[in-house]
Amino acid sequence: MFATEFLDLPPLQTASGLVRLPGSKSISNRVLLLAGLSAGTTVVHDLLDSDDTRVMLEALRTLGCGLEREGEALRVTGLGARLKTTEAQLFLGNAGTAMRPLTAALAVLAATQGGRFELSGVPRMHERPIGDLVDALRQLGCTVDYLGQDGYPPLRLSAGALRTTAPIRAIRVRGDVSSQFLTALLLALPLVAQGNDIVVEVEGELISKPYVEITLNLLARFGIAVRREGWQRFTIPQGSAYSSPGSIHVEGDASSASYFIALGAIAAPDAPVRIEGVGSDSIQGDIRFVEAAQAMGADVTSGPGWLEVKRSRFPLQAITLDCNHIPDAAMTLAVMALFAQGTTRLTNIASWRVKETDRIAAMAAELRKLGATVEEGADSIAVTPPARTSPAAVRTYDDHRIAMCFSLAAFAGAPVRILDPKCVAKTFPEYFEALFGLVRTRLDDIPVITVDGPTASGKGTLASAVAKALGYHFLDSGAVYRATALTAMRQGVPGDDEAALARVAAGLDLHFVGGDAHLGAENVAEALRDEQVGLMASRVAAWPAVREALRQLQLGFRRVPGLVADGRDMGTVIFPGADLKVFLTASAATRAERRYKQLISKGIPASIDDLRADLEARDARDSNRSVAPLKPAPKALLLDNSALGVDDSMALVLEAWEQRRPFASAKGH
Ligand code: DC
């Protein structure tokens, strides 16, 4: 996951390949609640692991459900509709799919069995309406108190006057604000259906019907056959009781699929983007995004559990579409509009205003930053693309879908900065990694920062810190030479056999996993730090044939979204066209002192004077040697960090980088 302050996407060109979708958020949280209310155990396969499912799991654990890992799956031991814990405070983040159904289920359980539960979330959750659900629960005899503002969480649920023996009147609930209110009631009311049919009547036009269909479908899997008359009246038959299916599979998230369907439509002219996890057999309403994408020009083929998408008509065709049936995926259409000829109009999307953020306002504001002309209606949005897209820093409002759909704007010819990219963790923590696995672009468009400098200048520490702050790849070129040396030593190749060493270099199977160097399957991070390996590396590095063989390997690290490369010839030989070159120095005295502290802390005896003399000699040798001599690249940013800490040096480099970026005042939110 990218936990950086922002993530810069270079202009992107094409995409193809395979993506496996994470599990559906809507299905995951419904299945978890149903498994938690059922008796016995349910093994859940392919559950989504994200912020929204984590708060649900945490709530179930607090309530006394058993949760055990079973390989890749999760074994849930349910409550059997009996409260184990009668008092709890549950924090539900910004997960509507946890807040609404848990409110209904716990209100009913507390009302019938006694108890006291407090449900709260992040500040935005306390701005998302829940009054219609609370009104419905109060009709039943549940006791629900608002702890903050009326109509909104946080809530307290306590013992009430719900008698399951007396006939229960039909419960009325509004359907035109959020379909989650109806879903919450349908999931919870089997708890009180022993003695009565339970009838729920919807007031107003029910929105987002496909989500209610998911609810009915999953209730059926747990033994509850809800009778439905149109979309107005739902009956849970007397005697209904949850019964676990034993094992259940969560299909991939169809809303998450929309980004990759759009990706195929925009950027896969030849080989397709293949999406696995959802397909023609999906029970999720957002699968109908496929039809909208086809109407705009996507070429889609599908089967059970998979989709393949290619670009067909391009530029895309602008469309006018009532999006009530695909409210979440429709956000992706608003970004696809940037690639269409004409104006794309999305209507009947009032629910956008009460989601993670006011999505109509947010989409309009951010699309305008890219240069689009946007008309914002009360329940609609119309987008006309600009002649030329501007680079923009896109604000994401703690809304995963804004971050994900705006990443596609990077195909419109300009770089895009996504602020707070980690908000994708709500439903798709590895979204950007998945995207980067499919995209390609011109090498020159992938930014490179080089950090060169003499030994012990702290360039490795600085470069890896800068890479981390920007979410860029990191190349520790010293490790490349050390890995060559280590392999040569293990194979008994002597340090003076240039041709044999070059063969070792060319055959190196080196990659980095979480910052650690691996040779094949072996983690060699520790082995590379060995003094003998360092000495051999310095001999190996003197051979031009070795340097040439390692050049290709190092160039291969230049991948989306960008690279920070550390080493003495990064800015001069390997990446002479780098966008920012830093030449880091420190006085020999400072470097000697740093090395001295390092050695002493490892228990190795040392003398500062000797170290300093050593460094001065090495500097002279390095700057005068014939191959890759140590010298600052032309126009390099010269940074003497003798008197600076790592954080200060990093701030200076990031500031210099910011000045070279096209996002004016990009950091301001
Ligand atoms: O930075 P380091 O100590 O890990 O580097 C190991 C050796 O490799 C060192 O002798 C310098 C050499 N090297 C090089 O010649 N060119 C680079 N880009 C990086 C390291």
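In each ligand, atom 1 is the first atom listed, and ligand 1 is the first ligand listed.
Separation of the F474 and F512 ring centroids does not fall under the 6.0 Å cut-off. Not less than 6.0 angstrom separates the ring centroid of F575 from the ring centroid of F557. Between F6 and F663, a ring centre-to-centre spacing not shorter than 6.0 Å is recorded.
Residues in residues 266-278 take part in these salt bridge (charged side-chain N to carboxylate O under 4.0 Å, His left out) pairs, two or more places apart or across chains: R20-E276, R274-E276, R274-E308.
Heavy-atom contacts of S538 reach the following atoms of ligand 1: 10 (O) (cutoff under 4.0 Å). Of all the atoms in ligand 1, the ones that sit under 4.0 Å from a non-hydrogen atom of M570 are 18 (N).
Taking distance alone, with nitrogen or oxygen atoms compared against 3.5 Å, R547 approaches ligand 1 more closely than that limit. Between S477 and ligand 1, an N or O atom pair is found at a separation short of 3.5 Å. The shortest N/O to N/O separation between D476 and ligand 1 does not fall below 3.5 Å. Any N or O atom pair closer than 3.5 Å counts here, and D569 shares at least one such pair with ligand 1.
For the pair R395 and Y397, the cation-pi test (distance below 6.0 Å, angle within 45°) is passed.
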Side chains of residues 528-541: which donor-acceptor pairs under 3.5 Å do they make with residues two or more places apart or in other chains?
{"residue": "R529", "atom": "NH1", "partner": "E526", "partner atom": "OE1", "Å": "3.1"}
{"residue": "D530", "atom": "OD2", "partner": "Q532", "partner atom": "N", "Å": "2.9"}
{"residue": "D530", "atom": "OD2", "partner": "V533", "partner atom": "N", "Å": "3.4"}

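At a 4.0 Å heavy-atom cut-off, ligand 1 touches A541 through the side chain alone.
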